[in-house]
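To start, the structure under review is shown below, and the notes come after it.
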Protein chains: 2
Amino acid sequence: MAFRSVCQSQEPVTIADRMFQDLRRSILEGGMPAGKKISEPELAAAYGVSRGSLREAIGKLENCNLVTRRPNIGARIISFSIDQLMEIYQIREAMEGMAARLAAQNMTEQEVHNLQELLERHRNATTTPEQPGNNSLKHDPDLDFHFCVIQGSQNERLIRMLCQDLYDLVRFYRLRLNPGFTPKAQIEHELIVDAITRRDGEMAEVLMRHHVRASRNRAQIQLENMTPEELGVHEK
Amino acid sequence: MAFRSVCQSQEPVTIADRMFQDLRRSILEGGMPAGKKISEPELAAAYGVSRGSLREAIGKLENCNLVTRRPNIGARIISFSIDQLMEIYQIREAMEGMAARLAAQNMTEQEVHNLQELLERHRNATTTPEQPGNNSLKHDPDLDFHFCVIQGSQNERLIRMLCQDLYDLVRFYRLRLNPGFTPKAQIEHELIVDAITRRDGEMAEVLMRHHVRASRNRAQIQLENMTPEELGVHEK
DNA sequence: AGCCCCCAAATTGTCAACAATCGAACGTAA
DNA sequence: TTACGTTCGATTGTTGACAATTTGGGGGCT
């Protein structure tokens with residue numbers, strides 16, 4: 001049950017859809033550098049599609065907040081900004097806190113069981129050394145966990161807002177920082193699952209908010225130790 | 001300082017943009033019935049624009065969640081759903097709670113002062129009887145208040161997510177229900193502003209969440225007393 | 001009658017050409 | 001040299017026509 005398989009499901013039946021998914025993947029996997037301007041004729045030729053279809057795909061990317069667009073000027077991949085990352089953490093704290101509360105209330109027994117199993121797998125996986133550089137979209141333990149909790153909230157719009165829109169940005173930033181999955185995060189995950197298992201929504205929310213805030217602080221510390229070159233050199 | 005003047009600012013420089021704003025306004029003001037299918041040739045002819053530009057506008061509407069679209073089938077105005085309304089309240093509770101907390105931390109003295117004045121005007125306005133049926137987009141006291149608090153959070157993305165996306169839906173539903181501004185809401189607003197004035201972010205969040213939850217309950221009671229005809233007769 | 005297949009009309013997706021706008025290079029003048 | 005205005009190339013916005021798909025109805029078969 002990988003993240004994208006559920007959240008970005010349906011087959012692309014239309015060319016614009018396929019372009020959207022391809023470009024989205026390319027951006028999230030780092031195939032396109034942050035801040036780069038998108039040339040419509042160039043991209044359309046590269047993918048062998050018409051400019052019209054490409055423009056529709058770009059429109060969808062704009063709604064995912066992966067590109068910004070200005071009239072008569074063009075679109076460009078979003079660029080890296082620490083402030084924006086911090087803003088996203090604040091929003092995640094609020095929304096995922098609520099998601100955890102709702103998950104504790106609404107998850108089926110089966111879903112709780114799946115969540116516990118997921119955590120079990122992560123616990124074993126962290127003991128065995130994982131090869132670095134494996135920054136593929138799938139198999140990010142932290143993302144899988146959060147996705148699972150969000151899905152348990154049973155609030156369709158909340159799920160869409162988080163999984164489709166906000167988590168694209170989370171991936172975007174995560175790829176360009178370090179994958180921030182620490183042993184501490186695992187412990188926090190366990191506490192949250194405990195609360196959900198006990199159906200303690202209040203506690204689940206408190207713990208999830210604490211976890212997101214802690215992740216934010218970890219990211220902030222990490223950012224302060226990075227050189228400017230490692231951070232924001234997105235030219236062109 | 002009307003709601004839309006700030007949140008949906010810039011002039012439309014492009015035809016697709018103008019179409020988007022016109023259609024959005026039309027949907028939010030009730031000019032287009034909920035659930036109705038959108039005929040591209042018909043609408044394009046009615047507005048005297050090309051189908052391509054119209055399609056781009058529809059794409060933007062889709063991202064605002066005001067229309068839903070299925071490939072090869074077409075777009076239609078979102079339809080009325082009590083479940084969706086309740087989902088939106090849950091999300092608002094989380095996000096606006098956070099917004100209130102941030103507003104208490106980050107608002108300038110000037111902004112706090114403006115907020116207090118806004119409340120003062122509402123207090124006087126509610127004593128004088130307001131004419132019903134004036135469901136225009138501007139001058140909804142409740143929306144103005146919430147907008148002001150959200151704006152004070154200084155979190156640009158949070159502001160966009162709430163003001164641009166979610167509050168369009170709030171208006172959509174509010175127009176088709178009663179404008180739910182009760183004296184109780186005014187009192188709750190006052191308490192929130194007190195907390196913000198004291199820079200008590202924790203309390204501001206608690207009170208805002210309480211307020212949103214209370215609004216949700218008021219709406220739910222109202223919905224239970226409505227006949228099915230008043231609710232969901234959105235044919236075609 | 002009920003069901004299935006097929007066809008036609010309408011609608012949506014896609015494309016390539018045209019018009020409008022922006023950015024940069026160049027030249028000129030102070 | 002620097003600043004400004006102009007012109008040209010390139011990019012984006014817009015349009016109308018073409019291709020692919022869905023929808024609705026009519027006819028035939030069981």
Side-chain angles (χ1 to χ4, degrees), chain A residues 8-24 26-27 32-79 234-236, chain B residues 8-24 26-27 32-79 234-236:
Chain A
Q8 200 70 28
S9 49
Q10 59 203 358
E11 302 295 292
V13 299
T14 202
I15 292 182
D17 254 332
R18 183 170 56 78
M19 281 301 295
F20 165 65
Q21 294 194 19
D22 284 359
L23 290 177
R24 173 174 169 275
S26 184
I27 294 173
M32 305 185 119
K36 180 182 175 187
K37 182 170 185 315
I38 292 179
S39 166
E40 290 185 4
E42 185 179 330
L43 252 190
Y47 281 82
V49 301
S50 142
R51 251 189 68 222
S53 303
L54 174 65
R55 279 173 65 83
E56 191 156 333
I58 293 178
K60 287 171 188 276
L61 288 174
E62 190 185 11
N63 309 346
C64 294
N65 297 301
L66 290 178
V67 310
T68 60
R69 218 175 178 185
R70 283 192 311 172
N72 288 317
I73 292 185
R76 56 178 52 213
I77 315 287
I78 57 169
S79 56
H234 39 272
E235 74 290 345
K236 194 69 180 293
Chain B
Q8 199 69 28
S9 49
Q10 57 203 358
E11 303 294 294
V13 299
T14 202
I15 292 184
D17 253 332
R18 184 171 55 77
M19 281 300 297
F20 165 65
Q21 293 194 18
D22 284 358
L23 290 178
R24 171 174 171 275
S26 183
I27 293 174
M32 304 185 122
K36 181 181 172 186
K37 182 170 188 315
I38 293 179
S39 166
E40 289 184 5
E42 185 179 330
L43 252 190
Y47 281 82
V49 301
S50 142
R51 251 188 68 219
S53 304
L54 175 66
R55 280 173 64 84
E56 191 156 334
I58 292 178
K60 287 171 188 274
L61 288 174
E62 190 186 10
N63 311 343
C64 294
N65 297 301
L66 290 177
V67 310
T68 60
R69 221 176 178 183
R70 284 192 309 173
N72 287 316
I73 291 185
R76 54 178 52 212
I77 315 287
I78 58 169
S79 57
H234 39 273
E235 73 292 343
K236 201 58 182 298

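Please read all numbers here as calculations on a predicted model, not as lab measurements. In what follows, chains carry the letters A, B, and so on, assigned in the order in which the sequence lines appear, proteins first and then strands, with residues in each chain numbered from 1.
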Considering only side-chain heavy atoms of [X], which listed nucleotide, [options], is closest?
X	options	result
B:R55	C:dC15, C:dT12, C:dT21	C:dT12
A:R51	C:dA17, C:dG13, C:dT12	C:dA17
A:K37	D:dT12, C:dG13, D:dT15	D:dT12
A:I73	C:dG13, C:dA16, C:dC22	C:dC22
A:A16	D:dT11, C:dT12, C:dT14	C:dT14
B:I15	D:dT12, D:dT14, C:dG13	D:dT14

- Message: I need the minimum non-hydrogen distance between A:F20 and A:C64, along with the two atoms involved.
- Response: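 Residues A:F20 and A:C64, closest heavy atoms: CZ-SG, 3.7 Å.
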- Item | Nearest non-hydrogen partners of B:I78 and B:V67, listed with the distance |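 Heavy-atom minimum between the residues: CG2-N, 3.8 Å.
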- Query: So, is A:T14 close to the C:dT12 phosphate, meaning a side-chain N or O under 4.0 Å from OP1 or OP2?
  - Reply: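 No, no such contact exists.
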- Task: Respond yes when some side-chain nitrogen or oxygen of A:S53 is under 4.0 Å from OP1 or OP2 of C:dC15, and no when none is.
- Result: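 Yes, such a contact exists.
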- Query: Any side-chain heavy atom of A:M19 within less than 4.5 Å of one from A:I58?
  - Reply: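 Sidechains of A:I58 and A:M19: no contact.
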- Message: Quick check: do A:I38 and A:L23 have side-chain heavy atoms less than 4.5 Å from each other?
- Response: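 Counting from C-beta outward, A:I38 and A:L23 never come under 4.5 Å.
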Protein-nucleotide distance ([X], atom [atom1]; [N], atom [atom2]), rounded to Å:
X	N	atom1	atom2	answer
B:L43	C:dA10	CG	C1'	16 Å
B:R76	D:dT23	CZ	P	11 Å
B:E40	C:dT14	CD	P	12 Å
B:E56	D:dT15	CD	P	11 Å
B:R70	D:dT22	CZ	P	11 Å
A:Y47	C:dT14	OH	P	16 Å
A:R18	C:dG13	CZ	P	16 Å
A:D17	C:dT12	CG	P	16 Å

- Item | Closest-nucleotide ordering on DNA chain C, the 5'-leading residue of B:N72 and A:P71 |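 The residue mapped nearer the 5' terminus is B:N72.
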Touch class at under 4.0 angstrom, heavy-atom based, for [X] against every strand present:
X	result
A:I38	sugar-phosphate
A:I58	nothing
B:G52	base

- Atom pair CD/CZ of A:E62 and A:R55 - distance to nearest 0.5 Å: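 Interatomic distance, A:E62 CD to A:R55 CZ, rounded to 0.5 Å: 10.5 Å.
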